[in-house]
Amino acid sequence: MPDHVRKPIRAAVVTALTVPPLATTGNRAFPGRVYPLEVPELPGLLVYTGDEDVQTGSQGVHGHQERELEIFVEAVFQDLASLDDLGDTILKEVETALLAPGVPLGGLKRLRLKRIEHDRSGEGEKPTERMRMIFSGFYQTARGAPTTAL
Amino acid sequence: MADAVIDWAKHARAIVSRLGRPAVYTPAAGVSGSPVTVRGIFRRPYQRILDMAESSDPSFFCMVADVPGIKGGATFTVDAVVWRVKPSPEVEPVGGTVFAKLEKTGA
């Protein structure tokens, strides 16, 4: 059975972030990663989907479902000099890779950057930051047919 | 009966001497003194940072008298690797010891 549309959306986001590789994070984009990144995997990106709002479209009971999906791209990185500067560079590269016109996004009709959150720590061998870039992606499916984006 | 006086510094130095290893201590900028070899306990246990990054929690434990004026920015060179002291190393006055958390200085 084909996959829910969320899966090709996630795959498209990972592809956009790795082909071609970004200057800072290279091909280190990890979908669905729950285990800590090792030092050789830094700086790296964690890609995962989150909450989703689903509304029935204007065409009534048998109409389309309009879906707004949270997509998280979370950068994990360390720097001795400036976490702010490195974070801004990564943000620039991710925004460019995902939001430039014409980027294929696996069925999304539109994508926007909604919010950026930061956690940082001075523990460990180097200052470390998790920068969470929260995107909102909009797509549509027919009711009962979540494997096909309209 | 007079309370026994325990020479904690003497005990601490015995521990550091027995269990420690040599390191070159270099004072921070603005602190007088030249690099000197001291003996201390260097540890580098595993640590997970922000739940998603693997790292270690390096530290150096030695006698305060051996590293006068120690503060953030000083360095310990252990096995040819230079580690920088993080701000506010913990000085323990009774035993005369200092516990310094460390960070890397390079890649």
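Chain identifiers are assigned alphabetically (A, B, ...) following the order of the sequence lines, protein sequences preceding nucleic acid strands; residue numbering begins at 1 within each chain. The figures that follow rest on heavy atoms only: side chains count, while hydrogens, waters and symmetry mates do not.
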Heavy-atom closest contact (A:E41 atom, A:L37 atom, distance): OE1-CA, 3.4 Å

Side chains of B:S56 and B:Q47, donor plus acceptor under 3.5 Å: no

Test side-chain contact (heavy atoms from CB on, under 4.5 Å) applied to A:T147 and A:T141, step by step: CA-CA 8 Å; A:T147 59; A:T141 60; over 6 Å; no

Any residue of residues 32-46 of chain B which, by heavy atoms, sits under 4.5 Å from chain A: B:R44, B:Y46

A:E74/A:R130 ion pair, N-O < 4.0 Å: yes

From CA spacing to verdict: side-chain contact (heavy atoms from CB on, under 4.5 Å), B:I6, B:H11: CA-CA 9 Å; B:I6 299 175; B:H11 287 293; 4.0 Å; yes

Residue pair A:E68 / A:S136: nearest heavy atoms and the distance that separates them: OE2-OG, 2.6 Å

Heavy-atom closest contact (A:I90 atom, A:P43 atom, distance): CD1-CB, 4.2 Å

Validation row: A:L69, A:Y139 side chains within 4.5 angstrom (heavy atoms): yes

Residue-level interface, residues 9-36 of chain A with chain B, non-hydrogen cut-off under 4.5 Å: A:R33, A:V34, A:Y35, A:P36

A:H4 side chain to A:R6 backbone, donor-acceptor under 3.5 Å: yes

Side-chain donor-acceptor pair present, A:Y48, A:E70, cut-off under 3.5 Å: no

Linked, directly or transitively: A:M131 and A:V47 (ILVMFWY side chains, under 4.5 Å): yes

Nearest non-hydrogen partners of A:V39 and B:E54, listed with the distance: CG2-O, 3.6 Å

Close approach to chain B in residues 94-125 of chain A, criterion heavy atom under 4.5 Å: A:D119, A:R120, A:S121, A:G122, A:E123, A:G124, A:E125

Path from A:F77 to A:L91 over hydrophobic side-chain contacts below 4.5 Å: yes

For B:E103 against A:P127, the heavy-atom pair lying closest together: OE1-CD, 4.2 Å

Check: A:P146 main-chain N/O paired with A:T148 side-chain donor or acceptor under 3.5 Å: no

side-chain contact (heavy atoms from CB on, under 4.5 Å) between A:F72 and A:R132, intermediate numbers included: CA-CA 7 Å; A:F72 293 83; A:R132 199 169 301 111; 3.7 Å; yes

Contact origin within B:L102 toward chain A - heavy atom pairs under 4.5 Å: backbone

Smallest separation among heavy atoms of A:V5 and A:A149, with atom names: CG2-N, 3.5 Å

Proximal to chain A - members of residues 60-99 of chain B, heavy-atom separation under 4.5 Å: B:W83, B:R84, B:K86

